[in-house]
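Here the structure comes first, spelled out in structure tokens, and everything after it is commentary.
Being a predicted model, the structure only gives us computed values, none of them experimental. Counting convention: from 1, in listed order, for ligands and their atoms alike.
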Amino acid sequence: MKSPNERRRFVLRAAAGFAALVTAGCERLSRSEWFPKVLAVGESLSSGAQHLISPRKSMAQEFSEADLSPQFRSNGTSMPNDPGYQALAANAFAGWALQVDGLVANPLKLTLAELRTMPARTQITRHDCVEGWSAIGKWTGVPLHEVLALAKPQPNARFAVFHCADPMEEDGSHKYYESIDMDDAYHPQTMLAYDLNGATLPVANGAPIRLRVERQLGYKMAKYVMRIELVESFAHIAGGKGGYWEDEGYEWYAGI
Ligand SMILES: Nc1nc2c(c(=O)[nH]1)N[C@H]1C(S)=C(S)[C@@H](COP(=O)(O)O)O[C@H]1N2
Ligand SMILES: [Mo]
């Protein structure tokens, strides 16, 4: 019998090619003659192709309150199957702290209260999941560049890795993780969100904080972030591909 995760993997793989066509294709098709050739491969944009089309500093589209989806659904994990996480959640994350380490001059531990006193940003954006749904939500959080300014990445830091609380296998192994490069890490819309639609981020959507990296697909938006590790390569982490789904064959750069 297939486990729920195996079934999800199958559905996700089947959906990925089509969703990449829809999400990447419709908006960009007219911009370049050669683009359909890229699409024909059935993959989302590689980071190189994305850079040719939209400059690295470009902003993802932002929307108005009137555009908000009636509700922002939960996908993937909705309650991490981890006793440590559940104990923190039961206490409104009072004992939680975000760890920032790896290739940084100044390793950090930031409580939720500390993150909430840092400069904040609010943005209304559209989330696109490869499983074939989208939702518009209002996110408030601390821009990741503010956290990096405190941690001071070393010159050889090339990626930020987000280690999550939720195990993806029933035996508690294979925790979800994701990664982005430093361009996306310093992008003005990249944030650690603690509020959704003006209220505390629900557990189902990644409490206490989840990543928003607005120019990429939903699976990049790590929920239940416990630790941010600055690295030069992914070789020492899990399957070495930079993310839980990437280790299963997904594109690392999921440009939309
Ligand atoms: N830790 C963690 N992050 C995750 C996931 C997950 O299962 N665990 N699912 C991903 C996927 S595929 C999507 S589409 C979004 C869903 O976010 P939502 O639950 O707020 O809708 O979170 C992403 N981040
Ligand atoms: Mo997704």
>> Can you confirm, on distance only, whether ligand 1 has an N/O atom lying under 3.5 Å from any N/O atom belonging to Asp166?
In response: yes
> Looking at Gly76, which atoms of ligand 1 are within less than 4.0 Å of one of its heavy atoms?
Replying inline: 7 (O)
>> Taking only non-hydrogen atoms of Tyr177, do any sit less than 4.0 angstrom from ligand 1?
In response: no
> Between Asp184 and Gln216, is any pair of side-chain heavy atoms under 4.5 Å apart?
Replying inline: yes
>> Around atom CZ of Arg116, are there more than 12 heavy atoms from other residues, nucleotides or ligands closer than 6.0 Å?
In response: yes
> Taking heavy atoms and a distance under 4.0 Å, where does Ala204 meet ligand 1: side chain, backbone, both or neither?
Replying inline: backbone
> Short N/O distance, under 3.5 Å, between His127 and ligand 1?
Replying inline: no
> So is Asn75 polar-close to ligand 1, meaning N/O to N/O under 3.5 Å?
Replying inline: yes
>> Under a 4.0 angstrom heavy-atom cut-off, which atoms of ligand 1 come close to Cys129?
In response: 14 (S)
>> So, regarding Thr77 and ligand 1 (criterion: nitrogen or oxygen to nitrogen or oxygen, under 3.5 Å), is there a contact or not?
In response: yes
>> With a 4.0 Å cut-off on heavy atoms, is Trp133 in contact with ligand 1?
In response: yes
> Tell me, do Leu115 and Trp96 make a side-chain contact under 4.5 Å, heavy atoms counted?
Replying inline: yes
>> Any nitrogen or oxygen of Arg210 lying under 3.5 Å from a nitrogen or oxygen in ligand 1? Just yes or no.
In response: yes
> Under 3.5 Å between some N or O of ligand 1 and some N or O of Trp139?
Replying inline: no
> Taking only heavy atoms of Tyr219, which atoms of ligand 1 are found under 4.0 Å from at least one of them?
Replying inline: 10 (C), 11 (C), 12 (S)
>> Check the orientation of Phe234 and Trp252. Use parallel for under 30°, tilted for 30 to 60°, and perpendicular for over 60°.
In response: tilted
> Can you name the nearest heavy-atom pair linking Asp247 to Gly240, along with the distance?
Replying inline: OD1-N, 3.5 Å
>> Within ligand 1, which atoms have a heavy atom of Tyr224 less than 4.0 Å away?
In response: 1 (N)
>> If we set the cut-off at 4.0 Å for heavy atoms, which region of Tyr176 has an atom near ligand 1: side chain, backbone, both, or neither?
In response: side chain
>> Just to verify, what does Asp101 make a side-chain hydrogen bond (donor to acceptor under 3.5 Å, both in side chains) with, not counting sequence neighbours?
In response: Gln99, Arg227
>> Minimum distance, heavy atoms only, to atom 24 (N) of ligand 1: which one of Met221, Lys220, Met226, Glu178 is it?
In response: Met221
> Should Tyr177 and Ile237 count as side-chain neighbours, where that means a heavy-atom distance under 4.5 Å?
Replying inline: yes
> Within the distance-only criterion (no hydrogens, no angle test), does the side chain of His127 pair as donor or acceptor with the backbone N or O of Trp133 below 3.5 angstrom?
Replying inline: no
> Taking side chain as C-beta onward, heavy atoms only, is Lys109 less than 4.5 Å from Leu98?
Replying inline: no
> When only distance counts, is Cys164 in polar contact with ligand 1, meaning an N/O pair under 3.5 Å?
Replying inline: no
>> Please classify the Trp245 to ligand 1 contact at 4.0 Å (heavy-atom distances, strictly less than): side chain, backbone, both or neither.
In response: neither
> With atoms numbered from 1 as shown, which atoms in ligand 1 lie under 4.0 angstrom from a non-hydrogen atom of Arg73?
Replying inline: 18 (P), 19 (O), 20 (O), 21 (O)
>> Just so I know, are the side chains of Asn106 and Val100 near enough to count as touching, which here means a heavy-atom distance under 4.5 Å?
In response: no
>> Within the structure provided, determine whether Cys164 and Lys175 are in side-chain contact (heavy-atom separation under 4.5 Å).
In response: no
